[in-house]
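Worksheet for the structure shown next.
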Amino acid sequence: MSTDKYFMELSDCLNKMSDEDRQEVIGFYAEYSEEAHLDSYEALVHRFGTPKKLASKIYADAAVKNLEGDHMKIGKAFSFGAIALFSLPFSFPFIIAAVSILFACSVAAIAILFSVAVTVFALAKTAVLLFIKSFTFLSPFTPVLWLKTLGGSLILAAITAAIFCILLFAVKLLIKLITILMSKMVKRRTEK
């Protein structure tokens, strides 16, 4: 059957997926093509686009699917989104621009993360040192100073924990947003 060639090419394009997922997707499209009486390579290309284009759409759908549900797999979703984006046929200038922007954003994100990490480390170190220092005020028995330094150290520890939690949430949200934007871009490009 001439549809076998199409599905073999599609299988080759989906090599980054697990074998189980790849077989499930190919089975779905094979069954759909049988029910729609798409019995030639050209009919499949007319309906779904080239195997490479369909693979990009499948990767984009897989990226969004990995972000939904109870067990979000952000890393897997991001990698599927990136694979989908870079498997589309682009012109060379667009690829250079996209890589340049991605590099600039990566450098900026690393710089921001480094500065926040240094700040969190400094706050945590100060909180620990203040906590230890607070007990030195117990020997001459000055409870006011002891309570002030102990309270200050606990406040710094709480601020450090809050910044750390907010940072983790922000990074997770940023990766999710980038993955969704990549998937939408791929879907728009594959629909044309």
Side-chain angles (χ1 to χ4, degrees), residues 14-18 20-21 55-88 90 92-189:
L14 295 174
N15 61 353
K16 303 292 186 205
M17 291 182 110
S18 68
E20 181 182 315
D21 291 341
S56 294
K57 184 179 181 298
I58 291 169
Y59 277 129
D61 291 340
V64 173
K65 181 181 171 188
N66 279 312
L67 288 175
E68 296 171 349
D70 297 334
H71 304 335
M72 278 196 305
K73 301 170 188 164
I74 291 181
K76 191 174 183 180
F78 184 78
S79 63
F80 278 155
I83 290 169
L85 183 64
F86 289 113
S87 66
L88 287 175
F90 286 114
F92 188 67
F94 182 77
I95 291 174
I96 291 174
V99 168
S100 300
I101 291 170
L102 187 62
F103 178 73
C105 290
S106 299
V107 169
I110 289 170
I112 290 169
L113 287 174
F114 180 74
S115 65
V116 170
V118 168
T119 303
V120 167
F121 176 75
L123 284 173
K125 182 180 175 186
T126 306
V128 169
L129 291 175
L130 260 177
F131 184 75
I132 293 169
K133 179 72 175 168
S134 70
F135 289 104
T136 62
F137 293 117
L138 283 178
S139 60
F141 196 67
T142 51
V144 174
L145 284 176
W146 176 69
L147 287 174
K148 284 181 181 178
T149 54
L150 181 65
S153 70
L154 294 176
I155 289 171
L156 278 177
I159 290 171
T160 303
I163 290 173
F164 185 73
C165 291
I166 290 170
L167 180 66
L168 284 179
F169 177 75
V171 167
K172 204 174 186 181
L173 187 66
L174 183 64
I175 291 173
K176 186 176 180 179
L177 178 67
I178 290 171
T179 303
I180 290 171
L181 290 175
M182 284 191 301
S183 297
K184 285 183 180 180
M185 179 187 280
V186 168
K187 284 182 182 178
R188 256 187 269 133
R189 300 246 331 151

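Counting from 1, the numbers follow the sequence of the chain as shown. In this text the structure is predicted, and so the values were computed from the model without any measurement.
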Fill in the blank from the handout: Between L150 and S134 the two heavy atoms that sit nearest each other are N-CB, 3.6 Å
Problem - Heavy-atom side-chain proximity of L129 to K133 below 4.5 angstrom - result: no
Completion exercise
Value for CG (L154) from OG1 (T149), rounded to nearest 0.5 Å, stands at 9.5 Å
Problem - Rounded distance [0.5 Å steps], CG in D21 versus CD1 in I58 - result: 11.0 Å
Problem - With L113 via side chain to side chain contact (heavy atoms under 4.5 Å, CB included) - residues at least two apart - result: L167, V171
Fill in the blank from the handout: Heavy-atom closest pair (T160 atom, A124 atom, distance to 0.1 Å) is OG1-N, 3.6 Å
Practice task
Would you mind listing every ring-ring contact (aromatic ring centres under 6.0 Å, His included) that reaches into residues 96-132, with sequence neighbours excluded?
Solution key: F131-F135
Fill in the blank from the handout: Note: A157 and A127 closest approach over all heavy atoms is N-CB, 3.7 Å
